[in-house]
Amino acid sequence: MSHPRHSLPLTQHGVPPVTFEIQSGLFSTAHQDTIHTIFTPLHYEPGYSYPLVVWLHGSFCDERQLLRIMPLVSLRNYVAVAPRGVVLAPRAGAISPSAEGVAYGWSHEEPDLQQAEQRIFDSIEMAFRRFNIASRRIFLAGFDTGGTMALRTAMNHPYKFAGVLSLGGCLPAGGAPLSRLSEARQLAVFLAAGRRSAIYGEQQVCDDVRLLHTAGMSITLRLYPCGHELSPQMLADVDRWIIEQITASTAQADRATT
């Protein structure tokens, strides 16, 4: 499942301004219409069950962040889908990339939490309708507040995901995120951050890892020589880590049948 690496010009958050086989769509939920973006891998094979990456964008971005990250994760290995976050109050001095001039992100206030989970699971259902997806290979990932929301959602529903990846997103505070700890211990966690980040600093990263280790969870930690951004190396490691989880689970299943 190898794929080529490309040298591409970088823009905001270290992510190249490219698009690749992207479809945008509108689908209905119980709350409102929600925009999502879908990534179709190169040479998609309907007979093969693909892993699914569900991407939660950072604050003051939107679902189109998926277009910029997937070429640096993998062009071939995954189907990916990104739901849009909820509308946020504008942050002072922030410039939203949204064409509508609206800022989106992930709020942890009720009823925003319920709406976020609804959007995440509706996007997964939509991906299953369009593609051949391996039901035991769904990975929830996100950047910044999207990473925090990915952690909260995966720990609330640990048996629905093969792993969760938070890039620059801290552990969620409030709402008892470890209330299903016994089940969440089976969840593989990838935690990444920039050493020079002023938003998710190294001390907070260490505190989060210490808490998760104390709780008995399986954690992979990666720190990068960058700020609060999505670096090419970070995204390449996302691909490697997911492949490692798939390989490990396949080997475990093979041992169980012998």
Side-chain angles (χ1 to χ4, degrees), residues 1-6 8 15-30 33-57 62-84 117-143 146 150 153-154 157-165 167 186-188 190 235-258:
M1 300 176 75
S2 61
H3 60 274
R5 296 290 177 199
H6 297 274
L8 298 169
V15 182
V18 299
T19 60
F20 189 81
E21 292 200 7
I22 300 295
Q23 305 169 16
S24 292
L26 183 71
F27 68 97
S28 179
T29 72
D33 286 339
T34 302
I35 299 294
H36 60 266
T37 295
I38 306 169
F39 177 85
T40 306
L42 259 179
H43 310 305
Y44 172 74
E45 294 288 346
Y48 171 72
S49 295
Y50 282 81
L52 176 66
V53 174
V54 184
W55 178 258
L56 307 185
H57 60 80
D62 62 25
E63 72 285 354
R64 290 170 294 179
Q65 189 175 60
L66 185 72
L67 282 68
R68 300 189 293 275
I69 69 143
M70 284 310 295
L72 288 181
V73 175
S74 174
L75 293 173
R76 301 175 182 273
N77 292 348
Y78 317 102
V79 171
V81 62
R84 175 177 292 181
E117 286 196 356
Q118 183 72 44
R119 293 184 179 197
I120 290 167
F121 288 113
D122 281 348
S123 69
I124 293 172
E125 182 181 347
M126 179 275 304
F128 270 82
R129 289 198 303 267
R130 295 194 183 190
F131 301 99
N132 186 357
I133 303 295
S135 60
R136 295 183 180 273
R137 295 179 178 178
I138 303 174
F139 294 86
L140 185 58
F143 172 61
T153 303
H157 306 274
Y159 288 120
K160 294 184 180 294
F161 300 100
V164 58
L165 304 92
L167 314 181
Q186 59 84 39
L187 186 67
F190 179 89
L235 293 170
D237 286 346
V238 165
D239 179 41
R240 294 189 186 97
W241 184 83
I242 292 177
I243 296 302
E244 287 173 1
Q245 307 315 303
I246 293 172
T247 302
S249 64
T250 300
Q252 184 177 13
D254 289 344
R255 288 194 297 269
T257 58
T258 57

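Everything numeric in this text was worked out from a predicted model, so none of it was measured.
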Side chains of [X] and [Y]: does their closest heavy-atom pair fall under 4.5 Å?
{"X": "Lys160", "Y": "Phe121", "value": "yes"}
{"X": "Ile246", "Y": "Ile242", "value": "yes"}
{"X": "Leu167", "Y": "Val238", "value": "yes"}
{"X": "Val54", "Y": "Ser123", "value": "yes"}

Over all atoms of both residues, closest heavy-atom pair of [X] and [Y]:
{"X": "Phe161", "Y": "Ala154", "result": "CD1-CA, 3.9 Å"}
{"X": "Ser49", "Y": "Ile133", "result": "CB-C, 4.2 Å"}
{"X": "Asn132", "Y": "Pro46", "result": "ND2-O, 2.9 Å"}
{"X": "Gly142", "Y": "Ala150", "result": "N-CB, 4.2 Å"}
{"X": "Leu187", "Y": "Pro158", "result": "CD1-O, 3.9 Å"}
{"X": "Gln65", "Y": "His57", "result": "OE1-CA, 3.1 Å"}

Rounded distance [0.5 Å steps], [atom1] in [X] versus [atom2] in [Y]:
{"X": "Glu45", "Y": "Arg76", "atom1": "CD", "atom2": "CZ", "result": "10.5 Å"}
{"X": "Asn77", "Y": "Asp239", "atom1": "CG", "atom2": "CG", "result": "5.0 Å"}
{"X": "Leu56", "Y": "Thr153", "atom1": "CG", "atom2": "OG1", "result": "6.5 Å"}
{"X": "Leu165", "Y": "Phe139", "atom1": "CG", "atom2": "CZ", "result": "8.0 Å"}
{"X": "Arg84", "Y": "Arg64", "atom1": "CZ", "atom2": "CZ", "result": "6.5 Å"}

Do Tyr44 and Phe131 have ring centres separated by under 6.0 Å?
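Between Phe131 and Tyr44, which both carry aromatic rings, the centre distance is below 6.0 Å.
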
Has Arg137 got a side-chain atom pairing as donor or acceptor with Ala162's backbone, closer than 3.5 angstrom?
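Checking the backbone N and O of Ala162 against the side chain of Arg137, no donor-acceptor pair under 3.5 Å is found.
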
If we ignore hydrogens and angles and just use 3.5 Å, is the side chain of Tyr78 paired with the main-chain N or O of Phe39 as donor and acceptor?
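Judged by distance alone, no pair lies under 3.5 Å.
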
List in chain and number order the residues that pass salt bridge (Lys or Arg N to Asp or Glu O under 4.0 Å) with Glu125, two or more places apart in sequence or in another chain; answer none if no residue qualifies.
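So Glu125 forms a salt bridge (Lys or Arg N to Asp or Glu O under 4.0 Å) with Arg129.
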
Thinking salt bridges, do Asp237 and Arg240 make one under a 4.0 Å N-O criterion?
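Looking at Arg240 together with Asp237, the answer is yes, because their closest N to O distance falls below 4.0 Å.
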
Using the rule given for side-chain contact (heavy atoms from CB on, under 4.5 Å), can you reason through Asp122 versus Arg119, listing the C-alpha separation, both sets of side-chain angles and the distance that settles it, and then say yes or no?
CA-CA 5 Å; Asp122 281 348; Arg119 293 184 179 197; 5.8 Å; no

For Ile124 and Ile138, run side-chain contact (heavy atoms from CB on, under 4.5 Å): C-alpha distance rounded to whole Å, both residues' side-chain angles, the deciding distance at 0.1 Å, then the answer.
CA-CA 9 Å; Ile124 293 172; Ile138 303 174; 4.2 Å; yes

Using the test side-chain hydrogen bond (donor to acceptor under 3.5 Å, both in side chains), find all partners of Gln186 that sit at least two apart in sequence or belong to another chain.
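Expected list: none.
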
Apply side-chain hydrogen bond (donor to acceptor under 3.5 Å, both in side chains) to Thr247 and list each qualifying residue two or more places apart in sequence or on a separate chain.
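Per chain and number, Thr247 pairs via side-chain hydrogen bond (donor to acceptor under 3.5 Å, both in side chains) with no residue.
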
